[in-house]
Amino acid sequence: MKVLRAGTGATVVLCLATALLHVFLVFLHVAPPNPLSRQYSRQIDAWVLPLFEQNWRLFAPDPESVNRQISARTAHTTPDGRVQVSGWFDLSALDNSAVKHHVFPSHSAQNALRRAWSSYLETHGGDDRPHSQRALMMQHYLTNIAADRITAHRDGTFESVQLRVITTPIAAPVFAPAPAPAGPGSATDAPKSAETRYLPWWKVGSHGN
């Protein structure tokens, strides 16, 4: 009985210490830069990012100006050396179906993939090369999200994943009759088309059923 009480007490103390440490590190992450946060920035980022990332967009939201369809496909090398490439799997449609008509949709379905892609754009730019540890971490995070969701909904084994992102501009709302076109070849009558971006093939280890 004494051993059980001692173990329970130690567990409670450990949980409280972890909770306090978490709150403290998150506070340093969102607080204005100070000597303590600058000195331990690497440790703070290692704990907070990417799962506990905090920002102020709840109070100053940045509305989306584009729609993004994020899809993924996989590759598997057979014992005889042939490479089998799957069809595209629509990750965005999977998230949308998990959110639509759900009163309390999960945070993962709403934000995980979208925020992972936004952070990937912020850290990589257009060349798909990680130039920092944070960029490499976001690359692995995005890849793992794709691999885990494919594994949960598709049979088969794979070792590599490629992502495709189709970006379509959202048309501005019309509150008044549109003005007449300025003339052929003008900038105002040029429709904005969708852009398709293919990411490199990334190794993910052995996944599948």
Side-chain angles (χ1 to χ4, degrees), residues 45 48-55 57 60-77 82-100 105-173 185-208:
D45 289 345
V48 173
L49 302 173
L51 298 179
F52 305 116
E53 182 179 7
Q54 306 291 317
N55 56 59
R57 292 181 181 177
D62 184 13
E64 294 283 355
S65 59
V66 296
N67 284 323
R68 291 192 176 95
Q69 179 195 34
I70 303 177
S71 305
R73 62 179 177 178
T74 62
H76 170 60
T77 303
R82 293 184 296 110
V83 177
Q84 298 176 340
V85 178
S86 73
W88 291 103
F89 181 72
D90 194 336
L91 302 175
S92 298
L94 180 66
D95 282 0
N96 292 339
S97 65
V99 171
K100 192 174 182 180
S106 70
H107 170 76
S108 175
Q110 295 180 85
N111 298 314
L113 181 63
R114 180 177 59 85
R115 290 293 297 128
W117 175 248
S118 298
S119 298
Y120 178 88
L121 286 179
E122 293 171 0
T123 55
H124 283 72
D127 61 1
D128 294 315
R129 294 182 179 179
H131 300 288
S132 65
Q133 284 298 115
R134 173 169 164 76
L136 185 60
M137 178 180 63
M138 295 314 305
Q139 177 179 309
H140 291 324
Y141 182 49
L142 181 61
T143 307
N144 290 336
I145 289 176
D148 289 344
R149 295 190 182 183
I150 291 173
T151 301
H153 293 83
R154 273 189 175 180
D155 294 330
T157 303
F158 60 92
E159 301 83 31
S160 301
V161 169
Q162 183 186 34
L163 271 68
R164 178 187 67 187
V165 183
I166 301 176
T167 304
T168 306
I170 298 175
S186 66
T188 57
D189 66 349
K192 295 182 178 179
S193 59
E195 296 182 358
T196 302
R197 178 171 174 175
Y198 293 89
L199 274 61
W201 283 99
W202 289 326
K203 294 287 186 181
V204 293
S206 183
H207 276 67

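What you see below is based on every heavy atom in this structure, not just the backbone, and it leaves out hydrogens, waters and symmetry mates.
Ile145 contributes atom CD1, which lies 11.0 Å from atom CZ of Arg115 (distance to the nearest 0.5 angstrom). Summarising the geometry, atom CD belonging to Gln162 is positioned 4.5 Å from atom CZ belonging to Arg73; distances are rounded to the nearest 0.5 Å. The structure places CG of Leu142 at 7.0 Å from CG of Leu199, a figure rounded to the nearest 0.5 Å. Rounding to the nearest 0.5 angstrom, the gap separating the CD1 atom in Ile70 from the CG atom in Leu94 is 12.0 Å.
Panel note: side chain Ser86, backbone Thr74; a donor-acceptor pair is recorded below 3.5 Å. When atom types are taken as modelled, the side chain of Ser119 and the backbone of Ala116 share no donor-acceptor pair closer than 3.5 angstrom.
Taking the six-membered ring where the residue is Trp, the centroids of Trp202 and Tyr141 are separated by 6.0 Å or more.
Contact check for His124 versus Pro130: side-chain heavy atoms found under the 4.5 Å cut-off. Counting heavy atoms from C-beta outward, Asn67 and Ile170 have side chains that approach closer than 4.5 Å. A 4.5 Å side-chain heavy-atom check between Asp90 and Asn96 finds every atom pair outside the cut-off. Using a 4.5 Å heavy-atom threshold, the side chains of Trp201 and Val161 count as separate. Tyr198 is not listed as a side-chain neighbour of Leu163, based on a closest heavy-atom distance of 4.5 Å or more. Thr196 has its side chain within reach of Arg164: a pair of non-hydrogen atoms, C-beta onward, lies under 4.5 Å apart. Residues Leu91 and Phe89 meet the side-chain proximity criterion, which asks for heavy atoms closer than 4.5 Å.
Taking both residues in full, the closest heavy atoms of Ser193 and Pro169 are given as O-CD, 3.9 Å, listed atom of the first, atom of the second, then distance.
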**Report entry** Step-by-step salt bridge (charged side-chain N to carboxylate O under 4.0 Å, His left out) determination, Asp95 to Arg149
**Finding:** CA-CA 10 Å; Asp95 282 0; Arg149 295 190 182 183; 2.4 Å; yes
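Classification of Asp128 and Arg197 as a salt-bridged pair holds, one side-chain N sitting under 4.0 Å from a carboxylate O.
Residues passing the side chain to side chain contact (heavy atoms under 4.5 Å, CB included) test with Thr123, sequence neighbours excluded: Arg134, Ala135, Met138.
With Val165 as the partner, the side chain to side chain contact (heavy atoms under 4.5 Å, CB included) test is satisfied by one option alone out of Glu195, Gln69, Arg68: Arg68.
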